[in-house]
Amino acid sequence: MNRYRAMAENNAAPGAVPPDVESLSAELAAMREQVQQLEKMASIGQLLAGITHEINNPLGFIQSNLMSLSKYANDILNLLAAYEVLERDEGAMTDCLSRISQLKQEMDYEYLRDDLGDLVKESLQGIVRIQTIIKDMKTFSRPNETKWGQADLNEALDRILNIIHNETKYRIQVHKEYGALPKVECSISQLDQVFLNILINAVHAIDGEGQIRISTRQHSADKVLVEIADTGKGISKEHIDRIFEPFFTTKERGKGTGLGLSLSFGIIKNHKGTIEVESTPGVGTCFRITLPVTRQPTDENI
Ligand SMILES: Nc1ncnc2c1ncn2[C@@H]1O[C@H](COP(=O)(O)OP(=O)(O)OP(=O)(O)O)[C@@H](O)[C@H]1O
Ligand SMILES: [Mg+2]
């Protein structure tokens with residue numbers, strides 16, 4: 001089995017750094033941030049058609065539900081009008097009652113009564129679904145903050161799964177095996193990008209139907225583990241040593257720039273974590289990421 005292991009090294013630079021090197025490294029950090037942001041926008045661009053579909057779908061049924069609801073409201077008002085005649089003129093009881101039962105039959109009152117609640121419930125769920133997609137998109141596409149904070153990685157994975165739902169729903173079964181995780185001190189906007197890239201790579205690797213398994217757990221007292229495994233085509237012996245190289249891609253033009261894993265590697269390294277991959281051609285691939293729960297001192301400030 002081909003197995004590639006990539007690990008962040010803890011090589012803090014000894015002594016003071018000359019100022020010109022310092023400004024160069026700040027410039028480099030800014031450029032790296034820009035590249036990360038561009039890659040993120042490129043992924044969103046690629047996903048946009050699917051995301052639009054995900055929003056359009058609930059919008060479609062909400063619109064059709066509202067049309068039914070408006071007809072139901074009309075029917076109910078007509079029915080009430082018939083009752084109102086009764087209120088005004090008790091003598092007309094027999095006529096009114098037969099008019100009422102005729103109206104009830106015409107509007108299929110029993111069905112309407114059941115459907116009314118369902119339509120409202122379904123529409124509200126549709127609206128929540130759209131709100132979630134928009135919220136997740138907003139969180140994901142915000143400018144690349146390198147802000148550090150406490151984040152729930154299970155929530156982050158769910159957020160990314162929502163964004164790529166349209167890519168997975170018809171052909172890929174996603175198994176979530178989330179363990180209880182402590183909040184992790186990290187730059188979550190950067191980790192989002194790592195998860196998105198690995199998940200999109202997994203989707204691309206699966207031709208037709210397949211499975212993706214995402215498992216998270218506390219790895220040791222001060223580390224968490226995230227594993228993303230797919231049943232895709234796997235990575236060949238010739239390629240596995242190159243996948244973390246910038247611009248290495250086996251995808252056709254327009255489908256990949258080859259920057260995803262190299263940026264992911266940089267991000268994990270910056271978090272003093274590790275990223276490893278294990279792949280068997282024809283069987284699948286598993287990415288394994290460990291991250292320290294609390295921020296570790298770093299020699300770079302990105
Ligand atoms: N889960 C996977 N299964 C099979 N091959 C993979 C998988 N993940 C990565 N690869 C291989 O590694 C290459 C590099 O991945 P990387 O994410 O860096 O770039 P990309 O996906 O090609 O382009 P980008 O991420 O910039 O859109 C891919 O082109 C693919 O050949
Ligand atoms: Mg990629």
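Numbering of ligands and ligand atoms starts at 1, following listing order.
For Tyr109 and Asp75, the side-chain atoms include no donor-acceptor pair closer than 3.5 Å. For the residue pair Asn162 / Thr132, no side-chain donor-acceptor distance below 3.5 Å is found, with atom types taken as modelled. Counted by atom type alone, Lys40 and Asn197 present zero donor-acceptor pairs between their side chains at under 3.5 Å. Judged by distance alone, the side chains of Glu245 and Ser262 never bring a donor and an acceptor atom under 3.5 Å apart. Side-chain contact of Asn65 with Glu122: a donor-acceptor pair under 3.5 Å is present, judged by distance alone. Side-chain atoms of Arg129 and His165 include a donor-acceptor pair closer than 3.5 Å.
Scanning all heavy atoms of the two residues, the minimum distance from Gly234 to Thr285 falls at CA-OG1, 3.5 Å.
Using a 4.0 Å cut-off between charged nitrogen and carboxylate oxygen, Arg217 and Glu177 do not count as a salt-bridge pair. The existence of a salt bridge linking Arg171 and Glu209 is excluded, since no basic side-chain nitrogen approaches an acidic carboxylate oxygen closer than 4.0 Å. A salt bridge is absent between Asp207 and Lys233; no separation between the charged side-chain nitrogens and carboxylate oxygens falls under 4.0 Å.
Ala205 CB, 3.2 Å is the protein heavy atom nearest to atom 3 (N) of ligand 1. The protein non-hydrogen atom at the shortest distance from atom 21 (O) of ligand 1 is Lys251 NZ, 2.6 Å. Nearest protein heavy-atom neighbour of atom 10 (N) of ligand 1: Ile235 CD1, 4.0 Å. Looking only at heavy atoms of the protein, atom 12 (O) of ligand 1 is closest to Ile243 CG2, 3.2 Å. When only non-hydrogen protein atoms are considered, atom 22 (O) of ligand 1 lies nearest to Thr249 OG1, 2.6 Å. Among protein heavy atoms, atom 1 (N) of ligand 1 sits closest to Asp230 OD2, 2.8 Å. Taking atom 14 (C) of ligand 1 as the reference point, the nearest protein heavy-atom neighbour is Phe248 O, 3.2 Å. Given atom 8 (N) of ligand 1, the protein heavy atom at minimum distance is Asn201 CB, 3.3 Å.
Put simply, the side chain of Leu79 reaches to within 4.5 Å of the side chain of Met107, judged on heavy atoms.
Atom numbering of ligand 1 starts at 1 in the shown order; those under 4.0 Å from a heavy atom of Thr285 are 1 (N), 3 (N).
At a 4.0 Å heavy-atom cut-off, ligand 1 touches Asn197 through the side chain alone. Within the 4.0 Å heavy-atom criterion, neither part of Val277 lies near ligand 1. Looking at Leu261 against ligand 1, both its backbone and its side chain come within 4.0 Å, counting heavy atoms.
Under a 4.0 Å heavy-atom criterion, Glu39 is in contact with ligand 1. Look at Lys233 and you'll find every heavy atom at least 4.0 Å from all atoms of ligand 1. Remark: distances from the non-hydrogen atoms of Gly258 to ligand 1 include one below 4.0 Å.
Side chain of Gln131 to main chain of Ile134: no donor-acceptor pair is present (N/O by atom type, distance under 3.5 Å, no hydrogens or angles).
Rounded to 10 degrees, the OD1-metal-OD1 angle spanning Asn201 and Asn197 at the Mg ion (ligand 2) equals 110°.
For ligand 1, the polar-atom distance check against Ser262 finds no nitrogen or oxygen pair separated by under 3.5 Å. Checked by distance only, ligand 1 and Leu259 come closer than 3.5 Å through their nitrogen or oxygen atoms. Ligand 1 has no N or O atom lying under 3.5 Å from any N or O atom of Gly256, backbone or side chain.
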